[in-house]
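Reviewing the structure listed below.
Lettering follows sequence order; numbering is per chain, from 1.
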Protein chains: 2
Amino acid sequence: MNHTIRIVLIEDDDILRMGYESLLTDIEDFTVVNSYASYDLARKHLDADQPDVILLDIQMPGTNGLQALPFIKKTLPNAHIIILTVFDSPELVFEALTMGAGGYLTKNSSAAKIIDAVREVSTGGGAMSTNVARIVMHSFQKNLNSPLTKRETEILDRIANGQTKPQIANDLFIDQETVRSHVKNIYIKLDVNSKAEAIKTAKEKRFI
Amino acid sequence: MNHTIRIVLIEDDDILRMGYESLLTDIEDFTVVNSYASYDLARKHLDADQPDVILLDIQMPGTNGLQALPFIKKTLPNAHIIILTVFDSPELVFEALTMGAGGYLTKNSSAAKIIDAVREVSTGGGAMSTNVARIVMHSFQKNLNSPLTKRETEILDRIANGQTKPQIANDLFIDQETVRSHVKNIYIKLDVNSKAEAIKTAKEKRFI
DNA sequence: TAAAATATCCCCCAAAAAGGGGGATGGCTT
DNA sequence: AAGCCATCCCCCTTTTTGGGGGATATTTTA
């Protein structure tokens with residue numbers, strides 16, 4: 001199959017945009033159908049462009065990349081979007097990920113990585129620069145030195161999922177009073193005295 | 001700096017293990033200090049091996065990779081661990097991520113990807129095969145067609161974090177009764193009638 | 001512009017849950 | 001033998017919840 005990957009660039013920096021365009025155009029099965037300096041400029045053309053992959057800058061004049069993402073997904077549900085950014089703060093990364101980008105590259109990514117990423121997302125894969133991967137993996141990592149026992153962790157986890165003590169007791173086939181005892185111990189260990197505080201503390205310290 | 005990256009392989013498949021060893025040994029700044037068919041065999045040697053990077057298979061006889069991970073991290077806190085697996089189920093991926101691996105590769109990864117991954121994790125970066133990246137990114141992606149309004153989502157999110165209505169009211173500078181109204185509407189929209197159900201449903205449908 | 005959705009607030013009520021205190025018991029590990 | 005762990009029991013008050021019935025002003029959308 002000699003299917004050409006149709007690419008649209010949305011990047012406000014002229015130099016970078018031309019750089020990407022030149023880089024990607026040189027790839028045999030890539031076609032850069034259009035490139036724009038902002039989403040506001042791109043918007044009315046996207047439908048006609050019918051891109052398979054959109055390289056989308058976050059910081060842009062007017063509608064920024066993250067704001068544009070939902071609109072793009074509505075207009076072109078089948079397009080794969082790769083976020084480009086110089087920032088790599090956890091907050092921005094997670095916000096971008098929740099918006100449903102197929103890839104997230106920091107701008108220091110090498111040419112080879114960018115080309116790989118385009119190919120990956122166009123086939124439904126995921127692409128992440130190593131900075132982003134590190135941030136994401138760190139967010140998953142649990143604290144291995146939790147003061148909580150297995151049972152306590154199990155129970156606090158259920159509390160964090162909104163279960164009441166009676167429900168938890170029922171699910172775990174133990175008495176409500178047992179759950180209560182565990183909760184008491186959890187509160188002592190975390191030095192808190194309410195559900196909300198326990199959840200907050202436990203999440204901050206990655207006990208759950 | 002001509003620092004050699006010391007690598008240990010723990011992989012029960014003889015062919016694969018030798019394949020990796022041959023592949024990695026050929027890299028100038030890589031040294032495969034040892035390779036083992038199981039964690040149980042590797043355990044007593046790891047301290048002497050002092051690896052920078054450990055390639056760790058998940059499915060193994062005896063202690064499997066995920067079970068071994070906490071022990072390895074305790075023995076060698078500074079070693080970077082790359083999980084190798086043929087499976088790529090979300091459950092396994094997330095479990096491995098919570099254990100604190102620095103990389104997660106599926107076994108269909110190309111030689112180049114493996115070499116890249118070793119280099120990445122040895123410098124504290126993250127490495128993820130595209131399959132894994134896809135799974136992880138999908139887990140973050142929120143449902144863009146949530147029936148909940150911004151305010152309702154905000155409130156449900158706080159409920160999911162264990163906050164009570166009075167606390168939420170206080171934080172948002174609104175009346176408890178207002179919070180109550182929103183909660184009522186949330187329950188109607190989600191067709192539930194308790195906190196726990198609302199959280200469960202909203203998480204399943206990725207509204208929060 | 002008119003209708004719908006949204007965000008805000010008010011009252012009634014009973015049932016449920018939470019949290020603080022005080023225990024006990026058997027099992028397992030160190 | 002001492003500690004931790006998981007299990008269960010009782011006292012008690014306060015807080016929270018959820019179901020019902022509204023109102024009103026702003027904002028969005030059709």
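- A heavy-atom distance below 4.5 Å is not found between the side chains of T31(B) and I5(B).
- Atom P of nucleotide dG21(D) and atom CZ of R180(B) are separated by 13 Å, given to the nearest angstrom.
- At dG19(C), one or more side-chain N or O atoms of K165(A) fall inside 4.0 Å of OP1 or OP2 (strictly under the cut-off).
- Minimum interatomic distance between I7(A) and P51(A) (heavy atoms only, all atoms of both residues): C-CB, 4.5 Å.
- Regarding contacts with the backbone of dA6(D), a side-chain N or O of T149(A) is found under 4.0 angstrom from either OP1 or OP2.
- D12(B) and Y39(B) share no side-chain donor-acceptor pair at under 3.5 Å.
- Following rounding to the nearest Å, R151(B) (CZ) and dT26(D) (P) show an atom-to-atom distance of 17 Å.
- Using a 4.0 Å heavy-atom criterion, one finds that S181(A) contacts the bases of the nucleic acid, with or without backbone contacts as well.
- The two atoms that bring K205(A) and N143(A) nearest to each other are O-CB, 3.1 Å, heavy atoms only.
- One N or O donor and one acceptor, one from the side chain of E177(A) and one from the base of dC10(D), sit under 3.5 Å apart.
- Under 4.0 angstrom from either OP1 or OP2 of dT6(C) there lies no side-chain N or O belonging to H182(B).
- Taking atom CG on D191(A) and atom C1' on dG20(C), their separation rounds to 15 Å, with Å as the unit.
- Protein atom CD of E197(B) is 12 Å distant from nucleotide atom P of dA17(C), rounded to whole Å.
- Here dA23(D) presents its P atom at 16 Å from CG of N185(B), a figure rounded to the nearest Å.
- When side chains are defined from C-beta on, K195(B) does not count as touching K165(B), because their heavy atoms never get closer than 4.5 Å.
- Contact check, N193(A) against dG20(C): a side-chain N or O comes under 4.0 Å of OP1 or OP2.
- A sub-4.0 Å separation between OP1 or OP2 of dG23(C) and a side-chain N or O of K184(A) is absent.
- The nearest whole Å value for the distance from the CD1 atom in I174(A) to the C1' atom in dT25(C) is 16 Å.
- One interatomic measurement links the two molecules: NZ of K195(A) to P of dT17(D), which rounds to 7 Å at whole-angstrom precision.
- Judged by distance alone, with hydrogens and angles left aside, T178(B) brings no side-chain donor or acceptor close enough to the base of dC9(C) to form a pair under 3.5 Å.
- L172(B) places its CG atom 12 Å from the C1' atom of dT8(C), with the value rounded to the nearest Å.
- Closest to the side chain of P166(B), out of dT16(D), dA18(C), dG19(C), is dT16(D).
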